[in-house]
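Working notes for the structure below.
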Amino acid sequence: MPNDLLYQIALTLVPNIGSVHAKILVEHFGKAEDIFKANFKKISAVENVGEVCAKAIKSFEDFSEAEEEIEFIEKYKIQPLFITDKNYPQRLLNCYDPPTLLYYRGNADLNASKIISIVGTRSNTDYGKHVTEKLVTDLADQNVTIISGLAFGIDAIAHKAALQNNLSTIGVLAHGLDTIYPQQHKSLAKEMLLNGALITEMRKNTKPDKHNFPKRNRIVAGMADTTIVVETAIKGGSMITAQLANNYNRDVFAFPGKTTDTKSAGCNYLIKQNYAALLTDAQELTEALGWQQKKTKPKLQKELFIELSADERIIIDILKEKDAVHIDELFLQSGLSSSAIAASMLNLELQNVIVSLPGKMYKLI
């Protein structure tokens with residue numbers, strides 16, 4: 001275990017320091033230990049932190065709970081993933097409130113190239129079960145990772161369908177790794193550890209209390225490329241997950257249902273309000289996400305016939321390095337102004353050099 005782990009866990013224990021403040025502090029100081037060792041003036045001077053948070057950090061003295069958590073981690077071979085860890089789910093870093101520290105068991109790649117979350121009601125209908133199982137089965141050749149919340153209903157159906165199709169599946173928990181909720185899913189959880197993972201930001205002895213589920217849901221939404229809602233009432237955890245995914249600029253899809261079916265009322269509402277795109281099968285999803293795009297002629301051949309500006313060449317060089325790049329990464333790597341980026345991207349799209357993908361991703365044609 002890294003020497004800094006004690007301070008990483010302690011950072012999650014400090015009153016008034018949530019995931020947003022923790023992210024700001026880590027970006028400023030680099031290491032959790034350096035945050036605790038900085039003086040009051042330096043901490044309070046950090047933008048958007050202030051004196052209340054600085055006082056909370058400097059007055060924190062009880063590291064015993066963090067020490068107990070380390071013992072638990074070592075005993076059960078749990079992998080802690082701090083926000084700066086290379087194995088930390090990188091998609092979460094594009095969220096404004098990523099978990100400061102995650103606890104992980106299993107063998108799933110948390111940064112797999114294709115991750116989707118599937119959520120829905122705990123009391124599904126036969127229709128919900130059918131479309132969930134068919135969607136996962138039809139996605140088997142895409143080697144996609146399925147993420148959900150290990151709850152009754154659609155969550156469990158999605159996890160089981162993934163296992164049956166030899167797909168990796170990740171369960172995000174609203175409690176510590178010392179228990180499984182609901183208890184009926186203990187055997188399912190054990191299977192998932194063999195071809196997937198269990199992950200949580202909750203420490204041991206944390207019970208699945210009501211206020212922990214929205215926290216869990218933001219991880220389900222933030223870790224995935226897209227969130228798919230199968231069945232949900234107009235109010236419920238799945239609606240919260242869909243809203244969070246929208247807030248994170250992720251694509252949301254929903255399966256429509258009968259207008260008289262209360263268990264599809266939430267899905268129909270999301271579609272009606274343009275919060276989610278209507279989805280009927282896996283092919284629609286793969287096409288929307290650009291997973292089935294046909295390869296065109298070599299990119300260099302196209303460049304011979306197009307005159308590019310210096311800014312456009314910078315963007316092209318960045319896009320050559322990966323299959324797809326998020327707009328935020330283009331800003332960071334290019335060093336160009338927002339107006340220069342916008343103008344260059346528009347011109348490149350008009351010339352059919354690049355294509356826009358869901359989730360503010362771009363790739364070369």
Side-chain angles (χ1 to χ4, degrees), residues 115-140 144-165 167-175 180-192 196 198 208 210 212-214 216-221 223-224 226-246 251-273 275-285:
I115 302 180
I116 64 170
S117 63
I118 300 177
V119 297
T121 179
R122 285 174 167 79
S123 54
N124 62 281
T125 65
D126 289 340
Y127 164 74
K129 182 175 186 292
H130 171 74
V131 297
T132 302
E133 291 176 340
K134 188 175 189 307
L135 174 68
V136 175
T137 300
D138 291 347
L139 288 172
V144 65
T145 296
I146 306 295
I147 184 169
S148 197
L150 199 66
F152 285 123
I154 297 300
D155 287 23
I157 292 168
H159 290 309
K160 291 176 182 177
L163 293 172
Q164 289 166 1
N165 286 279
L167 293 174
S168 181
T169 183
I170 301 168
V172 185
L173 311 180
H175 50 78
I180 291 296
Y181 176 83
Q183 291 186 353
Q184 293 90 325
H185 287 168
K186 282 187 176 180
S187 59
L188 173 59
K190 288 181 180 178
E191 281 189 73
M192 290 169 64
L198 300 177
K210 187 176 181 180
N212 287 333
F213 285 91
R216 183 276 305 271
N217 293 346
R218 88 184 195 286
I219 300 175
V220 173
M223 279 186 63
T226 186
T227 292
I228 299 166
V229 187
V230 177
E231 279 187 316
T232 182
I234 202 70
K235 291 183 179 180
S238 299
M239 295 293 281
I240 294 174
T241 306
Q243 181 181 2
L244 288 164
N246 267 306
D251 292 300
V252 179
F253 295 87
F255 279 93
K258 295 179 181 178
T259 57
T260 55
D261 190 349
T262 57
K263 291 178 182 177
S264 285
C267 290
N268 293 340
Y269 175 83
L270 290 170
I271 295 168
K272 182 179 178 181
Q273 298 298 324
Y275 295 137
L278 186 150
L279 184 66
T280 61
D281 57 37
Q283 183 176 347
E284 288 180 350
L285 180 68

Donor-acceptor check, side chain of Asn268 to backbone of Gly257, threshold 3.5 angstrom: yes or no? yes

Counting C-beta onward and ignoring hydrogens, is there a side-chain heavy-atom pair between Lys258 and Ser264 closer than 4.5 Å? no

Minimum-distance pair of heavy atoms, taken over all atoms of Ala221 and Ala245: CB-N, 3.8 Å

If you define the side chain from C-beta out and look only at heavy atoms, does anything of Phe253 sit under 4.5 Å from Val229? no

For a quick test of reading the model, state the closest non-hydrogen atom pair linking Arg122 to Phe213 and the distance between them. NH2-CE2, 3.8 Å

Which heavy atom of Thr232 sits nearest a heavy atom of Ser238, and at what distance? OG1-CB, 3.6 Å

Does anything in residues 125-138 form a side-chain hydrogen bond (donor to acceptor under 3.5 Å, both in side chains)? List the pairs, not counting sequence neighbours. Thr125-Glu231, Lys129-Glu133, Lys134-Asp138, Thr137-Asn165

Do any N or O atoms from the side chain of Gln243 and from the backbone of Met239 form a donor-acceptor pair under 3.5 angstrom? no

Could you list the donor-acceptor pairs under 3.5 angstrom formed between side-chain atoms of residues 146-162 and any protein atom two or more places apart in sequence or on another chain?
{"residue": "Ser148", "atom": "OG", "partner": "Ile118", "partner atom": "O", "Å": "2.6"}
{"residue": "Ser148", "atom": "OG", "partner": "Asp155", "partner atom": "OD1", "Å": "3.1"}
{"residue": "Ser148", "atom": "OG", "partner": "Asp155", "partner atom": "OD2", "Å": "3.4"}
{"residue": "Asp155", "atom": "OD2", "partner": "Gly149", "partner atom": "N", "Å": "3.0"}
{"residue": "Asp155", "atom": "OD2", "partner": "Ala151", "partner atom": "N", "Å": "3.4"}
{"residue": "His159", "atom": "ND1", "partner": "Thr169", "partner atom": "OG1", "Å": "2.7"}
{"residue": "His159", "atom": "NE2", "partner": "Leu150", "partner atom": "N", "Å": "3.2"}

Side chain to side chain, Val119 and Val230, heavy atoms closer than 4.5 Å: no

Just by distance, with hydrogens left out, do Thr241 and Thr227 show a side-chain donor and acceptor under 3.5 Å apart? no

From Asp281, Leu278, Leu135, Ile271, residue fulfilling side chain to side chain contact (heavy atoms under 4.5 Å, CB included) relative to Phe255: Leu135

Considering residues, nucleotides and ligands other than Gln273, do more than 12 of their heavy atoms fall under 6.0 Å from its CD? yes

Contact check, side chains of Val144 and Val136, non-hydrogen atoms, under 4.5 Å: no

Roughly how far, to the nearest 0.5 Å, is the OH atom of Tyr275 from the CG atom of Asn246? 8.0 Å

NZ/Lys263 to OG/Ser123 distance, rounded to the nearest 0.5 angstrom? 4.0 Å

Shortest non-hydrogen contact between Thr226 and Val252, atoms and distance: OG1-N, 4.0 Å

Would you call Ile170 and Val220 a side-chain contact if the rule is heavy atoms closer than 4.5 Å? no

Is the closest side-chain heavy-atom distance between Arg216 and Asn212 below 4.5 Å? no

Is a donor from one side chain sitting under 3.5 angstrom from an acceptor on the other, for Ser187 and Glu191? no

Using the rule given for side chain to side chain contact (heavy atoms under 4.5 Å, CB included), can you reason through Thr145 versus Leu167, listing the C-alpha separation, both sets of side-chain angles and the distance that settles it, and then say yes or no? CA-CA 6 Å; Thr145 296; Leu167 293 174; over 6 Å; no

Sidechain-backbone polar pair: His185 side chain, Ile180 backbone, donor-acceptor under 3.5 Å: no

